[in-house]
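The structure under discussion appears below in the form of structure tokens.
Since the model is a prediction, treat every value here as computed from it, not as a measurement. Basis for what follows: all heavy atoms, side chains included, without hydrogens, waters or symmetry-related copies. The chains referred to below are lettered A, B, ... by the order of the sequence lines, with proteins before strands, and numbering in each begins at 1.
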Amino acid sequence: MTFIERVYYVVRLIPPSRVTTYGMIAKFVGTPKASRMVGWAMNSSHKQESFIPAHRVVNRNGLLTGKAHFKGKSMASRLEKEGIVIENDQIHNLTELLWDPFIEIQEVPKDFYKNLDI
DNA sequence: CGTGTGACGGCGC
DNA sequence: CGCGCCGCCACAC
């Protein structure tokens, strides 16, 4: 799988009312220092046919840094609809809501890390 | 091919 | 503590 495919795969697994961070996704997909690339991937995620809950990806402090890229319903309102409380574009109880892919994802497709050296 | 561009993160000051 | 620098890397052009 390509970098983008791996990122989309992980983001699709984030359940409602939970969030994860760009850094965690970057680490999980095998490029721990490429967290910016995760944001870059989210930028074009809306073009995908299947739904990708990009609003559930926030920065390490729980800030909604990607909010400017949402058309229609805002990033905050999408999260609030799932019961997440936001104040000043920031999730307060991030540690409780955090969805850690290393803990939550039991197994990945065989070709997930195919073109990657780890 | 070369280069610019980020929805980030870590580290130093 | 906050702020700013810089490494990062997939992709468009």
Side-chain angles (χ1 to χ4, degrees):
Chain A
M1 293 171 75
T2 66
F3 171 81
I4 288 190
E5 286 169 340
R6 291 198 294 278
V7 171
Y8 288 168
Y9 179 87
V10 174
V11 175
R12 271 195 278 256
L13 295 178
I14 309 171
S17 306
R18 301 292 299 279
V19 295
T20 193
T21 69
Y22 299 98
M24 274 186 169
I25 295 172
K27 204 177 293 182
F28 189 84
V29 302
T31 50
K33 295 174 184 172
S35 43
R36 293 184 81 172
M37 295 303 101
V38 176
W40 170 85
M42 290 299 94
N43 198 17
S44 47
S45 64
H46 66 280
K47 296 174 188 168
Q48 286 290 308
E49 291 200 15
S50 63
F51 175 65
I52 298 178
H55 60 286
R56 297 182 192 135
V57 185
V58 298
N59 88 341
R60 66 182 156 151
N61 300 128
L63 254 176
L64 311 191
T65 46
K67 65 167 193 162
H69 301 267
F70 285 85
K71 295 176 181 176
K73 291 197 63 181
S74 72
M75 187 175 185
S77 64
R78 288 172 204 234
L79 290 168
E80 282 165 347
K81 195 170 183 178
E82 298 179 0
I84 295 178
V85 180
I86 294 157
E87 195 175 319
N88 295 326
D89 293 324
Q90 179 161 214
I91 296 171
H92 275 291
N93 49 341
L94 178 66
T95 49
E96 295 150 40
L97 298 177
L98 197 56
W99 184 87
D100 184 349
F102 280 100
I103 296 175
E104 310 282 357
I105 299 180
Q106 307 300 339
E107 58 180 333
V108 294
K110 292 185 189 68
D111 62 341
F112 193 79
Y113 295 111
K114 195 174 179 181
N115 50 9
L116 201 65
D117 305 313
I118 51 173

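Taking A:Ser74 as the reference, A:Ser77 meet the side chain to side chain donor-acceptor pair (under 3.5 Å) condition, with sequence neighbours excluded. A:Pro109 pairs by the side-chain contact (heavy atoms from CB on, under 4.5 Å) definition with A:Met1, A:Tyr9, A:Asp111, A:Phe112, not counting sequence neighbours. Contacts of A:Ile84 classified as side-chain contact (heavy atoms from CB on, under 4.5 Å), with partners at least two apart in sequence or in another chain: A:Val19, A:Leu79, A:Ile86, A:Ile91, A:Leu97. Under the rule for a ring-ring contact (aromatic ring centres under 6.0 Å, His included), A:Phe70 has no partner lying at least two apart in sequence or in another chain.
Spacing between atom CG of A:Leu94 and atom P of B:dG9 amounts to 11 Å, rounded to whole angstrom units.
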Note, DNA chain C 5' to 3' with Watson-Crick or G-U pairs under 3.5 Å encoded as ( ), [ ], | and . gives .||||||.|||||
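Under a 4.5 Å side-chain heavy-atom criterion applied to ILVMFWY residues, the cluster that includes A:Leu63 comprises that residue alone.
Projected onto DNA chain C by closest heavy-atom contact, A:Arg60 and A:Ser35 fall at different nucleotides, the more 5' of which corresponds to A:Arg60.
The shortest distance between side-chain heavy atoms of A:Phe28 and A:Thr20 does not fall below 4.5 Å. At a threshold of 4.5 Å between non-hydrogen side-chain atoms, the residues A:Val58 and A:Met75 count as touching. Within the 4.5 Å cutoff, the side chain of A:Val10 has heavy atoms near those of the A:Val29 side chain. Two residues are said to be in side-chain contact when any heavy atoms from C-beta on lie closer than 4.5 Å; A:Leu13 and A:Trp99 meet this criterion.
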Nucleotide-resolved protein contact map, nucleotides 8-13 of chain C, B/S/- at heavy-atom distance under 4.0 Å: BBSS--
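Formation of a donor-acceptor pair under 3.5 Å by the A:Thr31 side chain with backbone atoms of A:Ala34 is not found in this model.
Rounding to the nearest 0.5 Å gives a distance of 7.0 Å between CZ of A:Phe102 and NZ of A:Lys27.
Near DNA chain B, defined here as any heavy-atom distance below 4.0 Å, the residues from residues 61-70 of chain A are A:Thr65, A:Gly66, A:His69, A:Phe70, listed numerically. Only at 4.0 angstrom or more do the heavy atoms of residues 71-91 of chain A sit from any atom of DNA chain B, so none qualifies.
A:Asn59 comes within contact range of the sugar-phosphate backbone alone, with a heavy-atom separation under 4.0 Å but no base atom that close.
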Counting only pairs under 3.5 Å, give me each side-chain donor-acceptor contact of residues 35-53 of chain A, with atom names and distances, residues two or more places apart or in other chains.
| from | atom 1 | to | atom 2 | distance (Å) |
| --- | --- | --- | --- | --- |
| A:Asn43 | OD1 | A:His69 | ND1 | 3.4 |
| A:Ser44 | OG | A:Ala41 | O | 3.4 |
| A:Ser45 | OG | A:Met42 | O | 2.7 |
| A:His46 | ND1 | A:Asn43 | O | 3.3 |
| A:Ser50 | OG | A:Arg12 | NH1 | 2.5 |

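Among residues at least two apart or in separate chains, salt bridge (Lys or Arg N to Asp or Glu O under 4.0 Å) pairs with a member in residues 74-97 of chain A are A:Arg56-A:Glu82, A:Lys67-A:Asp89.
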